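What follows is a set of notes on a single structure, which appears directly below.
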Amino acid sequence: MAYSGEPILAEELLFRPAHSLIDQSLHSRLGATTTNGDGFGIGWYGEGPCPAMFKNIEPAWNDRNLREIAAQVRTSLFFAHVRASTGTEVQRTNCHPFRHGHWLWMHNGSLRGFREFKRDLMTAVEPALFADIEGSTDSEVLFFLALSFGLVDDPFGAVARAVGFVEDVGRAYEVEAPVQMTVATTDGTSMWFFRYSTERRSRSLFYSTDVAKVRALHPEVQALRLLGEEARFVVSEPLRDLPGEWNEVRESSAGVVRLGHDETRPFRPIAP
């Protein structure tokens, strides 16, 4: 789940919705696994230039510290992720979101064949960035490939080049459909999201409708009154079952959310 908008308490985002991310950690409806109990992480922007993070390998539904923190953190840009491991170790450094400088990154999905061609991907990471890789996941390597291919200056192009590179390496290893991803990333001001898979059957991803329109449709929903006019969500699964509130991100698409401007566009990998 990613949120951008007026400052709001994290607990309103994490715990209050009927199908909150905490509920999804136990009862996912659309995910590849029903239970996502291999750790969690949250990232948010506060007083400093770089985002803060809190991660744990415990299940999100059972972490009292997460409840304590969420009741005190008020932020205008918030990332949260619950993890089901696709084979790498259950450890703190493998929990999302991943951070580099003032950037955050979350990924649902996997790079098929990662174990076989991991070295090829790792050696393509910029030498100045390589030492900052902390964990062992394909998700973090994809992040650092995007950074190496210019994420800071051109997020759409950098992710397209990173995905194109992974697919090119996968073909060399005769791996069918190496990329399965939905991604959210932010520099603390804007928020970009991507939905793509080589086989064109990507994991689910949704973005929220303009809050004013949803309030007009559902004036009885008290929770909507807490959200400012600029509130936007990008989620793997809808947080509430409200008709008209959610829009599915189209297959092979990308988008950006920033103050006063939202945009979606087709997403195509750029081969090396």
Side-chain angles (χ1 to χ4, degrees), residues 31-33 38 41 81 83-91 93-101 103-187 192-205 236 249-256 265-272:
T33 58
D38 294 329
H81 186 279
R83 183 173 185 246
S85 172
T86 55
T88 50
E89 290 77 5
V90 177
Q91 61 191 45
T93 54
N94 284 345
C95 294
H96 309 223
F98 301 103
R99 176 180 62 189
H100 188 268
W103 284 81
L104 289 176
W105 173 280
M106 299 187 295
H107 168 227
N108 277 348
S110 63
L111 304 184
R112 188 175 298 162
F114 179 65
R115 180 180 176 86
E116 287 72 31
F117 55 68
K118 178 179 178 180
R119 181 179 181 276
D120 298 64
L121 301 188
M122 297 283 278
T123 55
V125 174
E126 282 287 336
L129 298 171
F130 188 85
D132 294 329
I133 298 175
E134 296 183 339
S136 58
T137 65
D138 50 359
S139 300
E140 188 178 16
V141 172
L142 185 61
F143 177 32
F144 275 80
L145 284 173
L147 286 166
S148 299
F149 288 129
L151 182 67
V152 172
D153 298 316
D154 177 19
F156 287 122
V159 175
R161 288 186 286 273
V163 171
F165 176 75
V166 173
E167 288 186 328
D168 188 63
V169 171
R171 282 190 291 269
Y173 281 79
E174 299 183 346
V175 174
E176 293 185 10
V179 176
Q180 170 67 248
M181 71 171 205
T182 58
V183 162
T185 188
T186 180
D187 62 356
W192 292 266
F193 55 92
F194 303 82
R195 184 183 184 213
Y196 175 81
S197 61
T198 309
E199 57 190 340
R200 306 300 192 270
R201 291 201 301 269
S202 303
R203 303 282 177 86
S204 59
L205 194 66
S236 296
V249 177
R250 292 183 178 181
E251 177 65 51
S252 301
S253 293
V256 63
R265 59 169 72 175
F267 176 81
R268 298 182 182 88
I270 299 173

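Just so we're clear, the structure is a prediction, and the values are computed from it rather than from any experiment.
Counting all heavy atoms, side chain and backbone alike, Ala162 lies closest to Leu142 at CB-CD1, 4.3 Å. Shown here for Gly41 and Pro97, the closest heavy-atom pair between the two residues is C-CD, 3.6 Å. Ser136 and Gln91 make their closest contact through OG-NE2, 4.3 Å (heavy atoms, listed as atom of the first residue, atom of the second, distance). Nearest heavy atom pair, residue Ser236 against residue Ser204, reads O-OG, 2.7 Å. For the pair Arg83 and Thr88, the tightest heavy-atom approach, listed with the atom from each and the gap, is NH2-OG1, 2.7 Å. Minimum heavy-atom separation, Trp105 to Ser139: NE1-O, 3.4 Å.
How far CG of Leu145 is from CE of Met122: 9.5 Å, rounded to the nearest 0.5 Å.
Between Tyr196 and Val159, every side-chain heavy-atom pair lies at or beyond the 4.5 Å cut-off. Using a 4.5 Å cut-off on side-chain heavy atoms (C-beta onward), Ser252 and Arg200 make contact. Considering only heavy atoms from C-beta on, Tyr173 comes within 4.5 Å of Asp120 through its side chain. Within the 4.5 Å cutoff, no side-chain heavy atoms of His100 are placed close to those of Leu151. Between Thr86 and Phe114, the closest side-chain pair of non-hydrogen atoms is not below 4.5 Å. Glu199 has its side chain within reach of Gln180: a pair of non-hydrogen atoms, C-beta onward, lies under 4.5 Å apart. Between Val175 and Glu116 the shortest side-chain heavy-atom distance does not fall below 4.5 Å.
Dense packing is recorded around CD of Glu251, with more than 12 heavy atoms of other residues, nucleotides or ligands lying under 6.0 Å away. The 12-atom threshold is not exceeded at CZ of Arg201, counting heavy atoms of other residues, nucleotides or ligands nearer than 6.0 Å.
A donor-acceptor contact shorter than 3.5 Å is absent between the side chain of Thr182 and the backbone of Arg195. Here the side chain of Ser148 pairs a donor or acceptor atom with the backbone of Glu126 at under 3.5 angstrom. Of the possible polar contacts, one joining the Asp38 side chain to the Ser85 backbone as a donor-acceptor pair under 3.5 Å is found. The backbone N or O of Ala271 lies less than 3.5 Å from no partner atom in the side chain of Asp168, so there is not a single donor-acceptor pair. Without hydrogens or angle criteria, Arg203 side chain to Asn108 main chain gives no donor-acceptor distance under 3.5 Å. At least one donor-acceptor pair under 3.5 Å links the side chain of Glu140 to the backbone N or O of Glu134.
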Using the side chain to side chain contact (heavy atoms under 4.5 Å, CB included) rule, take Leu104 and Thr185 through it: C-alpha gap first, then chi angles, then the decisive distance, then the call. CA-CA 5 Å; Leu104 289 176; Thr185 188; 5.9 Å; no
Full working for side chain to side chain contact (heavy atoms under 4.5 Å, CB included) between Leu121 and Val166: CA-CA 7 Å; Leu121 301 188; Val166 173; 4.1 Å; yes
Side chain to side chain contact (heavy atoms under 4.5 Å, CB included) between Thr137 and His107: does it pass, once the steps are laid out? CA-CA 10 Å; Thr137 65; His107 168 227; over 6 Å; no
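For the residue pair Asp138 and Ser110, no side-chain donor N or O sits within less than 3.5 Å of a side-chain acceptor on the partner. In this structure, a donor-acceptor pair under 3.5 Å is absent between the side chains of Arg112 and Ser197.
Below 30°, between 30° and 60°, or above 60°: for His96 and Phe98 the angle between ring planes is between 30° and 60°, a tilted geometry. Aromatic ring pairs are classed by plane angle as parallel below 30°, tilted from 30° to 60° and perpendicular above 60°; the pair Phe156 and Trp192 is perpendicular.
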